[in-house]
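The model shown is predicted, which means the values in this text are computed figures rather than measured ones.
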Amino acid sequence: MTTDYRDTVFLPRTDFPMKAGLPNKEPKWLERWQAEGVYDALRAQRQGKEKFVLHDGPPYANGAIHLGHALNKILKDVIVRSQSMLGKDVPYVPGWDCHGLPIEWKIEEKYRKKKKNKDEVDPVEFRKECREFAGQWIDTQRQQFKRLGIFGDWDNPYLTMDYAAEAAIAAELLKFAESGQLYRGAKPVMWSPVEKTALAEAEVEYEDIVSTQIDVGFEITEAPHSRKLQDLITAGKKVLAVIWTTTPWTIPVNQALAYSERDEYLLIWSNRGLAGASADNRMINDTEFYYLVAADLASEFQKRTEFDLPAFSPEDVEATLKGSDLKGAFAKHPLHDRSKAKGWDNKFFERPRPFLPGDFVTTDAGTGLVHMAPDHGEDDFDLCKKHGIDPVFAVNPDGKYREDW
């Protein structure tokens, strides 16, 4: 016999349905809040109270919202509501970033599908398409954020593409100009040679690559703080400060060499020169050479260049120098002699390359000497600028050297 226990279990009676049915009910709640003007009523009720303002970084208007948007906006909504419940006046004005690469990229994707080249499109037409595209997604995202139940002044958002906002930016810039604070300068930025535009740090993705590495000898021409180096130079010996780089394409615009004041350097003798770019540029074997490298990296340097530089013995170490011995020293650009032979405009290559103390120079890898190309690297730019050396802007927006380079 089966016993029915239902009548023996006493449960509270309620009109609540067994299922929440949120997908159907939530929109109705939102509609009621909208109809009753709950957000505006809160603003009126809190008028004159202590203000709490949340400065909200705007999303890009370039597609439907995703989980990141939801998490961001819901957490901020929790802050806004909790501060409001504490009796404060908490206005929340949502906004959108309507400029920049994320929006332009979406338009360019449409171009690529049509086999259309962005560079051939009139810039005014291109910006018009970007503005229309951003406007469409503002409306879409606004509805999606409202669907999350986010309280805010959704009818009056701030948009970076509002003409009034753009005019305000221009007006503020003019204030800087009128007060003499506006100047033209240079600074290193992340750059996209594909988009031919600057990138934000967050837009950069790093990838491991196999890179060509080279060791390059810079012939030292002057070393006023090292008697040993100066004596060898005066005697006509080839004294080469060796740098190691995994970015060979930066060598043409080298303008200085950086050294470490805290490390020691070895002056290594050899009767062979480092190989040049071609057989006709190889230095003759019976010439005496002296290579300057960091003491901690001498063995690594020898292994890396053993084809041109046989293993050296302690007898081959001509001298040990302090980093400070390189103060005031100068070297020749590696293309100095070749530029003359080729008949290039060699004023740039004729200029002596100074040795500069760099805190960033380490003995983790390389030679303990770093070649400085302010056109290419942030450390390079900062150190050279400190010593009055400016970039030559040899690289075009597409990442290629100018025609005259």
Side-chain angles (χ1 to χ4, degrees), residues 22-23 26-31 33-35 37-40 53-81 91-170 189-192 194-205:
L22 293 179
E26 282 180 351
K28 293 178 181 177
W29 294 342
L30 296 177
E31 285 175 14
W33 293 346
Q34 180 73 22
V38 175
Y39 176 79
D40 293 332
V53 179
L54 174 71
H55 293 278
D56 181 17
Y60 279 114
N62 69 330
I65 68 171
H66 50 66
L67 283 176
H69 290 102
L71 177 65
N72 182 293
K73 278 290 188 282
I74 290 171
L75 289 176
K76 289 171 180 174
D77 191 53
V78 169
I79 294 171
V80 168
R81 289 177 187 248
Y92 175 60
V93 181
W96 278 272
D97 189 340
C98 314
H99 294 82
L101 191 58
I103 292 171
E104 294 177 13
W105 184 256
K106 290 291 186 180
I107 299 301
E108 289 178 42
E109 282 182 341
K110 291 166 60 178
Y111 287 172
R112 281 189 288 275
K113 287 179 182 177
K114 298 177 181 177
K115 307 295 183 185
K116 201 173 177 181
N117 185 352
K118 170 199 168 183
D119 293 337
E120 296 173 358
V121 178
D122 178 63
V124 175
E125 179 62 30
F126 178 70
R127 288 172 194 144
K128 181 184 175 185
E129 288 191 59
C130 288
R131 176 177 282 272
E132 291 172 353
F133 177 84
Q136 293 168 6
W137 283 110
I138 287 167
D139 291 337
T140 299
Q141 288 190 5
R142 177 173 18 217
Q143 295 307 315
Q144 292 172 333
F145 284 135
K146 282 171 140 183
R147 181 66 183 82
L148 293 176
I150 309 300
F151 264 13
D153 188 1
W154 292 106
D155 294 331
N156 300 289
Y158 74 88
L159 310 175
T160 62
M161 70 178 183
D162 279 346
Y163 293 122
E166 293 179 331
I169 293 171
V189 295
M190 297 292 185
W191 187 263
S192 169
V194 176
E195 290 301 297
K196 301 174 186 174
T197 188
L199 296 173
E201 186 73 43
E203 292 170 330
V204 177
E205 295 182 10

Give, for atom [atom1] of [X] and atom [atom2] of [Y], the distance between the pair rounded to the nearest 0.5 Å.
X	Y	atom1	atom2	value
Trp105	Arg112	CH2	CZ	4.0 Å
Leu30	Gln143	CG	CD	10.5 Å
Glu205	Leu199	CD	CG	10.5 Å
Phe145	Asn72	CZ	CG	7.5 Å
Asp97	Ile103	CG	CD1	6.0 Å
Leu54	Ile79	CG	CD1	6.0 Å

- Message: Parallel, tilted or perpendicular, judged at 30° and 60°: which one describes the rings of Trp154 and Tyr92?
- Response: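 Perpendicular: the ring planes of Trp154 and Tyr92 meet at over 60°.
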
- Taking atom types as modelled and ignoring hydrogens, do the side chains of Trp96 and Gln141 form a donor-acceptor contact shorter than 3.5 angstrom?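 The criterion, which ignores hydrogens and geometry beyond distance, is satisfied for Gln141 and Trp96.
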
- Message: With no hydrogens and no angle check, just 3.5 Å: does a side-chain donor-acceptor pair link His99 and Glu166?
- Response: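 Yes, because at least one side-chain N or O of His99 sits under 3.5 Å from a partner of the opposite role on Glu166.
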
Beyond-backbone contact of [X] with [Y], side-chain heavy atoms, under 4.5 angstrom:
X	Y	value
Lys116	Glu108	no
Pro94	Tyr158	no
Tyr39	Pro91	yes
Thr197	Leu101	yes

Nearest atoms (heavy-atom pairs only) where [X] meets [Y]:
X	Y	answer
Val189	Ala198	CG2-CB, 4.4 Å
Cys98	Leu159	SG-CB, 4.0 Å
Ala61	Ile138	CB-CG1, 3.7 Å
Lys73	Pro59	NZ-CD, 4.0 Å

- Run the numbers on Leu148 and Ile65 for side-chain contact (heavy atoms from CB on, under 4.5 Å), then give the verdict. CA-CA 11 Å; Leu148 293 176; Ile65 68 171; 4.1 Å; yes

- Message: Using a 6.0 Å cut-off, check whether atom NZ of Lys106 has over 12 heavy atoms from anything other than its own residue.
- Response: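 Counting other residues, nucleotides and ligands, NZ of Lys106 stays at 12 neighbours or fewer.
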
- Query: More than 12 heavy atoms of other residues, nucleotides or ligands under 6.0 Å from CG of Leu22: is that the case?
  - Reply: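 Count over threshold, so yes.
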
Do any side-chain atoms of residues 126-133 form donor-acceptor pairs under 3.5 angstrom with protein atoms, and if so which ones, sequence neighbours left out?
{"from": "Glu129", "atom 1": "OE2", "to": "Tyr111", "atom 2": "OH", "distance (Å)": "2.7"}
{"from": "Arg131", "atom 1": "NH1", "to": "Met161", "atom 2": "O", "distance (Å)": "3.1"}
{"from": "Arg131", "atom 1": "NH2", "to": "Met161", "atom 2": "O", "distance (Å)": "2.9"}

- Query: Taking only residues two or more places apart in sequence or in another chain, which ones pass salt bridge (Lys or Arg N to Asp or Glu O under 4.0 Å) with Glu104?
  - Reply: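 Glu104 satisfies salt bridge (Lys or Arg N to Asp or Glu O under 4.0 Å) with no residue once adjacent residues are dropped.
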
- Task: Indicate yes or no: does Glu26 engage Arg147 in a salt bridge with an N to O separation below 4.0 Å.
- Result: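 Looking at Glu26 and Arg147, the cut-off is met.
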
- Item | SB check Arg81 Asp77 (cutoff 4.0 Å) |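 Salt bridge present between Arg81 and Asp77.
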
- Pairing residues for Trp33 by the ring-ring contact (aromatic ring centres under 6.0 Å, His included) criterion, not counting sequence neighbours: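 Checked Trp33 against ring-ring contact (aromatic ring centres under 6.0 Å, His included); matches are Phe151.
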
- Item | Results of ring-ring contact (aromatic ring centres under 6.0 Å, His included) for His55 - residues two or more places apart only |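 With sequence neighbours excluded, His55 shows a ring-ring contact (aromatic ring centres under 6.0 Å, His included) to no residue whatsoever.
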
- Item | side-chain hydrogen bond (donor to acceptor under 3.5 Å, both in side chains) against Tyr60, all qualifying residues, sequence neighbours excluded |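 With neighbours one apart ignored, the set is empty.
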
- Item | Set of side-chain hydrogen bond (donor to acceptor under 3.5 Å, both in side chains) partners for Asp162, sequence neighbours left out |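 Scan of Asp162 (side-chain hydrogen bond (donor to acceptor under 3.5 Å, both in side chains), adjacent residues dropped) gives none.
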
